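See below for the structure under consideration.
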Amino acid sequence: MSVFTHPDFDAHEQVVFCHDQASGLKAIIAIHDTTLGPALGGCRMFPYVNDDEALRDVLRLSRGMTLKSSLAGLKLGGGKAVIIGDPHTGKSPALLHAMGDFVDSLGGRYITAADSGTGEPEMQAFAQRTRHVIGATPRATLDGSIASGDPSPSTALGVFVGLKAAVRHRLGRDDLIGLKVAIQGVGHVGLGLARHLKEAGAQLWVSDIFDANVRTAVEELGACAVRPHDIYGLDVDVFAPCAMGGILNAETLTTLRAPVIAGAANNQLASPEIGAELQRRNCLYAPDYAINAGGIIDVYYQRVGGSASQSDAHIRGIADTLRQIFERAAASGECTSVIADRLALERLQGGEQLQATPHRLHA
Ligand code: NAD
C-alpha cells in the first residue's frame with residue numbers, strides 16, 4: 001500500500017493509522033487541509049474488503065470535506081475517519097472508546113461526527129473520551145423543539161433547496177408539482193428529501209437495497225418502488241443519488257435519462273471525465289459537495305453555538321451557491337464540477353494567504 005504516492009493522496013497534511021489490539025479497532029484518520037480551520041468530517045464504519053479500499057475511501061472523503069467546507073464558507077478544514085468493520089456487528093464500547101482516544105490524541109486538529117455506519121450513540125461513546133466530537137448532545141431546532149445532534153435532516157433540506165435551484169435552471173420551472181424524481185437510497189437523507197419533495201407535490205420513485213426503507217417510502221409517501229438497478233433508466237425529471245459514491249460512471253450513463261442530477265451521496269462522479277460527459281449530454285449535475293453541505297453547516301453551528309435560525313439561513317444559501325455554479329458553467333461551457341472545485345479552491349487559497357504561521361490549526 002502506498003500513501004505518499006497514492007493517486008488520492010493530494011497533499012494530505014496527516015494520515016493516522018489507528019490500531020488497538022485489545023478491542024480489535026482498525027481505523028484511519030485523514031486530515032487533508034486545516035487552512036480554514038480544524039479538520040471536521042464524519043467517522044464512517046464500513047466492512048472494507050481490504051486496507052487499500054479503506055485508505056482510498058478516507059482520502060477521497062477527507063479531500064471532499066476540505067472543498068465542501070470551503071465552498072460553504074465555513075471556517076473548517078477537511079478530514080474524515082473510517083473504522084474498518086461491520087457497523088451492525090462490529091461495535092463494542094471498548095472499540096468506540098479506543099477510537100475516541102485516537103481522536104483525542106490529535107488535540108483538536110481533527111473533529112469527528114456521525115457518518116454512514118455511525119450515529120448519535122457512537123458519538124456519545126466517543127464523547128466519553130474526547131471533547132473533539134459533535135452530534136453527541138441534543139440541540140434546539142427552528143420550531144423550538146429539542147432534537148438529536150444528527151445532521152441528516154439538515155442535509156436533506158440542503159439537497160431539497162439545491163434540487164429546486166437545479167430544476168429552475170435546467171427545466172425553467174419554480175414549482176415541483178408533478179415533477180418526477182427518482183431517489184436512489186431512502187436512508188436518513190434520502191427519506192428526508194422524499195418527505196420535502198412529497199410536500200412540494202412531486203411524484204416519487206425510490207430504490208433501496210434495504211426493503212424496510214423502501215416500504216416506509218411507499219406506505220408513508222405513496223412512492224413507487226423500483227428494483228435497485230432499474231432506478232437509472234427511469235424517464236424522470238430528476239435523479240437523486242442518496243446512497244453511495246461512484247454511481248455516475250460509464251455504465252450508468254448508458255441508461256441515465258434524467259436531465260437533472262441532484263442528490264446527497266458523496267463522490268458521485270466515478271471520475272472527473274464523467275462531469276464533462278454529463279455537460280455534453282445537457283444533463284445538469286449539482287456537484288455533490290455543494291448540494292450536500294447542509295449537514296456540515298449544521299454541525300458547524302452546533303460547534304460554535306450558533307442558533308437554529310442562523311444554521312437554517314446558511315443551509316438555504318446552498319441554492320444561491322448552486323445558482324452561481326450553474327450560471328458560471330453555462331457562461332463558460334465548463335462542467336459544473338470543475339466550476340465548484342475552482343470556487344472552493346479560490347476560497348482556500350485566499351485563506352492560505354491569511355495564514356502567517358506554518359502551523360495551520362485554528363483554535
Ligand atoms: P444511510 O446509510 O442512512 O442511507 C443510505 C441508504 O442507501 C440505505 O438505506 C442503504 O440501504 C441504501 N443503499 C445502499 N446501497 C444502495 C444501492 N446500491 N441502491 C439503493 N440503495 C442503496 O446514509 P445517509 O446518511 O442517508 O447518507 C446517504 C448518502 O449521503 C451517503 O453517500 C453519505 O455519505 C451522503 N451524505 C450524508 C450526509 C448526512 O448528513 N447523513 C451528509 C452529506 C453526505
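Worth saying up front: this structure is predicted, and the values here are computed from it rather than measured. Read the numbers this way: they start at 1 and go in the same order the structure lists the ligands and their atoms.
Scanning the protein for heavy atoms near atom 2 (O) of ligand 1, the closest one is S116 OG, 4.1 Å. Residue, atom and distance of the protein heavy atom nearest to atom 30 (O) of ligand 1 are A264 O, 3.3 Å. Nearest protein heavy-atom contact of atom 43 (C) of ligand 1 is N292 O, 3.6 Å. Shortest contact from atom 18 (N) of ligand 1 to any protein heavy atom: M244 CE, 3.2 Å. For atom 40 (O) of ligand 1, the closest non-hydrogen atom of the protein is T155 OG1, 2.7 Å. From the protein, the heavy atom lying nearest to atom 4 (O) of ligand 1 is G187 CA, 3.3 Å.
Just one residue in the list D288, N292, D115, D57 forms a side chain to side chain donor-acceptor pair (under 3.5 Å) with N266, and that residue is N292.
Counting only non-hydrogen atoms, the option in M65, K80, K68, H188 that gets closest to atom 25 (O) of ligand 1 is H188. In this structure, of L191, V214, I209, the residue bringing a heavy atom nearest to atom 17 (C) of ligand 1 is I209. Considering each of D150, D288, V189, I296, the one bringing a non-hydrogen atom nearest atom 27 (O) of ligand 1 is V189. Among A156, A243, S152, the residue whose heavy atom sits closest to atom 7 (O) of ligand 1 is A243.
Contact check for Q349 versus L345: side-chain heavy atoms found under the 4.5 Å cut-off.
Under 4.0 angstrom from ligand 1, the non-hydrogen atoms of C242 all belong to its backbone. With a 4.0 Å cut-off on non-hydrogen atoms, Q268 does not touch ligand 1 at all.
Annotation for H12: atom NE2 counts as buried by contact number, over 12 foreign heavy atoms lying within 6.0 Å. No more than 12 heavy atoms of other residues, nucleotides or ligands shown are found within 6.0 angstrom of CD on E251. Counting heavy atoms of neighbouring residues, nucleotides and ligands inside a 6.0 Å radius, atom CZ of F17 exceeds 12 of them.
Inclusion of D208 in the set of residues having an N or O under 3.5 Å from an N or O of ligand 1 is warranted. Considering both main-chain and side-chain atoms, D115 never comes within under 3.5 Å of ligand 1 through any nitrogen or oxygen pair. On a distance-only criterion, N266 and ligand 1 share at least one N/O pair closer than 3.5 Å.
Contact annotation for atom 23 (O) of ligand 1: protein absent (non-hydrogen atoms, distance under 4.0 Å).
With rounding to the nearest 0.5 Å, the separation of CZ in F326 from CD1 in I339 is 11.5 Å.
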CA sep, side-chain torsions, deciding dist, call: R215, E220, salt bridge (Lys or Arg N to Asp or Glu O under 4.0 Å)
CA-CA 8 Å; R215 268 200 305 279; E220 183 191 320; over 6 Å; no

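Listed by atom number, the atoms of ligand 1 under 4.0 Å from R44 heavy atoms are 34 (O). Ligand-side atoms of ligand 1 in range of G185: 7 (O), 21 (N), range being under 4.0 angstrom from any heavy atom.
With sequence neighbours left out, D101 forms a salt bridge (charged side-chain N to carboxylate O under 4.0 Å, His left out) with R129.
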Taking only distance into account, with no hydrogens and no angle test, what donor-acceptor pairs under 3.5 Å do side-chain atoms of residues 197-204 form with protein atoms, sequence neighbours excluded?
{"unit_1": "K198", "atom_1": "NZ", "unit_2": "L221", "atom_2": "O", "d": "3.2"}
{"unit_1": "Q203", "atom_1": "NE2", "unit_2": "G178", "atom_2": "O", "d": "3.1"}

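In this structure a side-chain-to-backbone donor-acceptor pair under 3.5 Å is present from S70 to A344.
Side-chain atoms of E13 and T34 include a donor-acceptor pair closer than 3.5 Å.
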